[in-house]
J.: 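Just passing along the structure, written as structure tokens.
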Amino acid sequence: MFKQRIQRVAESLQFSGNDFIFVTPSADLKYLTGYEALPLERITCLAINAQGQAWMIVPALERPAAVAAHVENYDIELIDWQETENPYSKFMEAIGSVEKPLVNNLMWVEKAWNLQEAIGHPVQLANSVLSQIREIKSAAEVQSLHEAGRAIDSVHEQMHLWLRPGRTEREVGRDIADAILRAGHDTVDFVIVASGPNGASPHHEVSDRVIGMNEPVVVDIGGTMPSGYCSDSTRTYVCGTAPKQYVEYYAVLQEAQKAAVEYARPGVSCESVDMVARNILKDHGLGDYFIHRTGHGIGLETHEEPYIVTGNKSPLREGHAFSIEPGFYIPNKFGARIEDIVTCCATGVDKANNTTHDLVSL
Ligand code: ZN
Ligand code: ZN
């Protein structure tokens, strides 16, 4: 699998007219080699040329970790550097001359600058090459995302155990974090418990605010599974009965989210999916309160291509995996969001999240 991915990168390099790509520890490196190297001050870097040859330079003390990750099984030549050596010139000696290099977008600036100096030509960003490959998920990746979806769904299904008036968001958040791990995730990536007016801030995390009766609470949670793939799902709860106006708005949001999920399919543009949800909220006077894009791609990272946003005219394709998460955020009052991860199949989308979309009364 990793050999195939490296070959696809080589083909993309040929297609884009570049001769080399350099990738430091990141989801990109993990995708191409399976090696989950730590991003440290000492450089670890994969180089692939347009002919499909690959090298990886690692600090000598990291060599056992790279070997344990089997990088040599994928025809990657491993080069190590000692503490007193210059890794950049050593790397260049091994790989030969470089004319038009790309570097992964999350490479530290320090490393990109040093590489550029060693190469003698300006480096360009590799995102166009890497994300085009990474954004189309294989059947196995789709399965991993659905497995992650089931795990996070099981946490939402237990929300009644933790979410109740009189507890703080932070207390509830801690219980949710424990449950995310118990559900099979390796890591907890984020826990948002946004009660009452905090719900109007889309990326509120948790606070010491005590959750009150009849207050809507936005719960957006996710983690990374042992497979490396991420979960991300939002549901909105209320302890007691939500205000009448809120219930009306929530029904509109539910309609908007459902319409976008039903509309999404191969061939329609990413921005048109956003418009479907946005227009319904607009038609009911909530347009100004929907203050973010409708969704983001997901895979080895929680946020990656494709982005479901105005301006992204790229068509959806089979294998795309992304969130559909419209919301409304009314300052000083309340907010709501409904978020599912979906994967694009031949006829539409399959949902990775399948808990109820209703405003859940606890
Ligand atoms: Zn999301
Ligand atoms: Zn989310």
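Indexing begins at 1, ligand by ligand and atom by atom, following the structure's order. All values reported here derive from a predicted model rather than from experimental measurement.
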J.: My understanding is that only one of Glu305, Glu301, Glu141 makes a salt bridge (Lys or Arg N to Asp or Glu O under 4.0 Å) with Arg134; could you say which?
T.: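 The salt bridge (Lys or Arg N to Asp or Glu O under 4.0 Å) with Arg134 is passed solely by Glu301 among Glu305, Glu301, Glu141.
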J.: Please determine whether side-chain hydrogen bond (donor to acceptor under 3.5 Å, both in side chains) holds for the pair Asp340 and Ser233, giving the CA-CA distance in whole Å, both sets of side-chain angles, and the decisive distance to 0.1 Å.
T.: CA-CA 6 Å; Asp340 291 325; Ser233 177; 4.8 Å; no
J.: Would you say His303 has an N, O or S atom lying under 2.8 Å from the Zn ion (ligand 1)?
T.: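 False for His303.
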J.: Would you say the Zn ion (ligand 1) has Asp220 as a near neighbour, meaning an N/O/S atom of that residue under 2.8 Å away?
T.: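 Under 2.8 Å: Asp220 has no N, O or S contact with the Zn ion (ligand 1).
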J.: Please lay out, stage by stage, how Tyr249 and His284 fare under the test ring pair (Phe, Tyr, Trp, His ring centres under 6.0 Å).
T.: CA-CA 8 Å; Tyr249 290 173; His284 292 81; 9.7 Å; no
J.: Tell me which N, O or S atom of Glu339 sits nearest to the Zn ion (ligand 2).
T.: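 Atom name of the closest N, O or S in Glu339: OE1.
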J.: Which single N/O/S atom of Asp232 lies at minimum distance from the Zn ion (ligand 1)?
T.: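 Nearest to the Zn ion (ligand 1) within Asp232's N, O and S set: OD2.
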J.: Measure the shortest side-chain to side-chain distance between Val252 and Phe328 over non-hydrogen atoms and say whether it is less than 4.5 angstrom.
T.: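 A side-chain contact is absent here, since even the closest heavy-atom pair is not under 4.5 Å.
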J.: Any N/O/S atom, side chain or main chain, of Glu325 closer to the Zn ion (ligand 2) than 2.8 Å?
T.: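 For Glu325, the answer is no, given that no N, O or S atom comes within less than 2.8 Å of the Zn ion (ligand 2).
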J.: Looking only at non-hydrogen atoms, find the nearest pair between Pro101 and Asp19 and report the distance.
T.: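 The pair with the smallest heavy-atom distance is N-OD1, 4.0 Å.
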